[in-house]
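To start, the structure itself, in structure tokens.
In this text the structure is predicted, and so the values were computed from the model without any measurement. Sequence lines set the chain letters: A, B, ... in the order given, protein chains first and strands last, and positions in each chain run from 1.
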2 protein chains.
Amino acid sequence: MGISKSDYFSEEQNEIASLMKALGHPARIAIIEFLLQKKSCVCGAIVTELPLSQPTISQHLKELKNVNLIKGSIDGNSICYCLNQKTLKKIQKYIQLTIANVNECDTRC
Amino acid sequence: MGISKSDYFSEEQNEIASLMKALGHPARIAIIEFLLQKKSCVCGAIVTELPLSQPTISQHLKELKNVNLIKGSIDGNSICYCLNQKTLKKIQKYIQLTIANVNECDTRC
DNA sequence: TTTTTATATTGCAATATTACGATAAATAAT
DNA sequence: ATTATTTATCGTAATATTGCAATATAAAAA
């Protein structure tokens with residue numbers, strides 16, 4: 001249906017899935033990487049950097065903002081976006097606590 | 001358009017985005033977590049565990065398999081799915097090399 | 001061989017995502 | 001005050017995702 005039954009999963013599972021989903025587009029990965037390099041954090045610079053139109057970038061920024069991966073602050077005429085350390089650390093921590101200790105398949109497989 | 005201009009981004013950006021996208025659904029997060037706990041790695045067990053129909057689970061498993069997050073091996077009548085350590089490590093490494101060293105916004109923000 | 005069990009595939013409806021032109025809104029510059 | 005600049009929003013078309021019933025497939029059990 002295109003609807004995901006989020007009620008059936010834990011809050012953490014839903015939250016992590018939301019964050020992963022937000023990172024699940026190359027443009028948004030590129031935005032995150034751009035902000036990590038801190039070349040600039042002004043929206044216009046991102047629009048210049050990426051091969052997408054201004055409305056499209058604005059939409060991607062909104063999605064990243066919706067899950068608190070970035071935050072934007074008004075800076076005169078323009079808007080300065082920067083990464084939300086707290087949320088990124090949350091992802092990192094999740095990866096550490098789960099994925100980090102995978103083992104090879106045991107004999108059952 | 002629903003089409004993402006993947007040609008415009010780097011191979012790594014596209015690959016990471018694909019992996020994140022595959023993790024961008026609570027059911028698939030739940031599947032990964034289930035396999036991490038290794039209660040069992042047979043498909044049927046996952047169907048029993050999750051509140052989704054068998055075809056839906058099968059579809060989610062297919063998506064995880066498509067990006068090499070899991071691999072399945074035939075075990076008689078059933079199929080044993082297990083995590084692909086290599087791919088999970090790739091995610092972990094990416095997180096380490098990027099997200100892990102975020103700093104707070106500087107004076108420009 | 002027939003039946004059961006386990007998983008995959010097909011087909012389809014509902015919804016979501018992606019992209020962008022046009023336009024709005026809001027501040028800056030002239 | 002007018003114009004330019006910057007970002008957001010609206011509207012819309014194209015495509016993708018999600019979910020499941022029905023059905024197919026394939027091995028196991030009877």
- [ ] Measure the shortest side-chain to side-chain distance between A:Leu83 and A:Leu69 over non-hydrogen atoms and say whether it is less than 4.5 angstrom.
- [x] no
Open item on the list: In this structure, how many angstroms lie between the P atom of D:dT25 and the CD1 atom of B:Ile79, rounded?
Closed with: 15 Å
Open item on the list: Can you identify which nucleotide, out of C:dA19, D:dT7, D:dG19, has its nearest atom closest to the A:Tyr81 side chain?
Closed with: D:dT7
Task: Summary of protein contacts for nucleotides 22-30 of chain C, nucleotide by nucleotide, where a base hit scores B, a sugar-phosphate-only hit scores S (4.0 Å, heavy atoms) - done: B----BS--
Task: Gap between atoms CD1 and C1', on B:Ile46 and C:dA8 respectively (whole Å) - done: 14 Å
- [ ] Please state how far atom CG in A:Leu52 lies from atom P in C:dT17, giving the value in whole angstrom units.
- [x] 17 Å
- [ ] Look at atom CG of A:Leu97 and say whether more than 12 heavy atoms of other residues, nucleotides or ligands are closer to it than 6.0 Å.
- [x] yes
Under 3.5 Å, side-chain donor or acceptor atoms of residues 51-64 of chain A against the rest of the protein: list the pairs with distances, not counting sequence neighbours.
{"from": "A:Ser53", "atom 1": "OG", "to": "A:Thr56", "atom 2": "N", "distance (Å)": "3.4"}
{"from": "A:Ser53", "atom 1": "OG", "to": "A:Thr56", "atom 2": "OG1", "distance (Å)": "2.9"}
{"from": "A:His60", "atom 1": "ND1", "to": "A:Arg28", "atom 2": "NH1", "distance (Å)": "2.9"}
{"from": "A:Glu63", "atom 1": "OE1", "to": "A:Arg28", "atom 2": "NH1", "distance (Å)": "3.2"}
{"from": "A:Glu63", "atom 1": "OE2", "to": "A:Arg28", "atom 2": "NH1", "distance (Å)": "3.4"}

TODO: Taking the side chain as every heavy atom from C-beta outward, state whether B:Val67 and B:Leu19 have any atom pair closer than 4.5 Å.
DONE: yes
Open item on the list: So A:Val47, base contact, sugar-phosphate only, or nothing? Heavy-atom distance under 4.0 Å.
Closed with: nothing
TODO: Can you tell me the distance, in whole Å, between the CD1 atom of A:Ile57 and the C1' atom of D:dT9?
DONE: 16 Å
Open item on the list: If I take atom CG in residue A:Leu61 and atom P in nucleotide D:dT6, what distance separates them, rounded to the nearest angstrom?
Closed with: 15 Å
TODO: Using only side-chain N and O atoms of B:Ser53, determine if any of them is under 4.0 Å from OP1 or OP2 of D:dC20.
DONE: yes
- [ ] Nearest-nucleotide wise, let me know which of B:Ala45 and B:Gln59 is further upstream toward the 5' end of DNA chain C.
- [x] B:Ala45
Task: Test side chain to side chain contact (heavy atoms under 4.5 Å, CB included) applied to B:Asn77 - qualifying residues, sequence neighbours left out - done: none
TODO: Report, as yes or no, whether the 6.0 Å neighbourhood of atom NZ on A:Lys89 holds more than 12 heavy atoms from other residues, nucleotides or ligands.
DONE: yes
Open item on the list: What is the separation between atom CD1 on B:Ile70 and atom P on C:dA8, rounded to the nearest whole Å?
Closed with: 9 Å
Task: Nucleotide nearest B:Lys21 (side chain, heavy atoms from C-beta), chosen from C:dA8, D:dG19, D:dA16 - done: D:dA16
Open item on the list: Any non-hydrogen side-chain atom of B:Met20 less than 4.5 Å from a side-chain atom of A:Lys21?
Closed with: no
- [ ] Could you tell me the separation between the CE atom of B:Met20 and the C1' atom of D:dT17, rounded to a whole number of Å?
- [x] 20 Å
- [ ] Ignoring backbone atoms, test whether A:His60 places a side-chain nitrogen or oxygen under 4.0 Å from the OP1 or OP2 oxygen of C:dT17.
- [x] no
Task: Distance test, side-chain N/O of A:Thr56 to OP1/OP2 of C:dC20, below 4.0 Å - done: yes
Task: d(OH, A:Tyr8; P, D:dG19) in whole Å - done: 11 Å
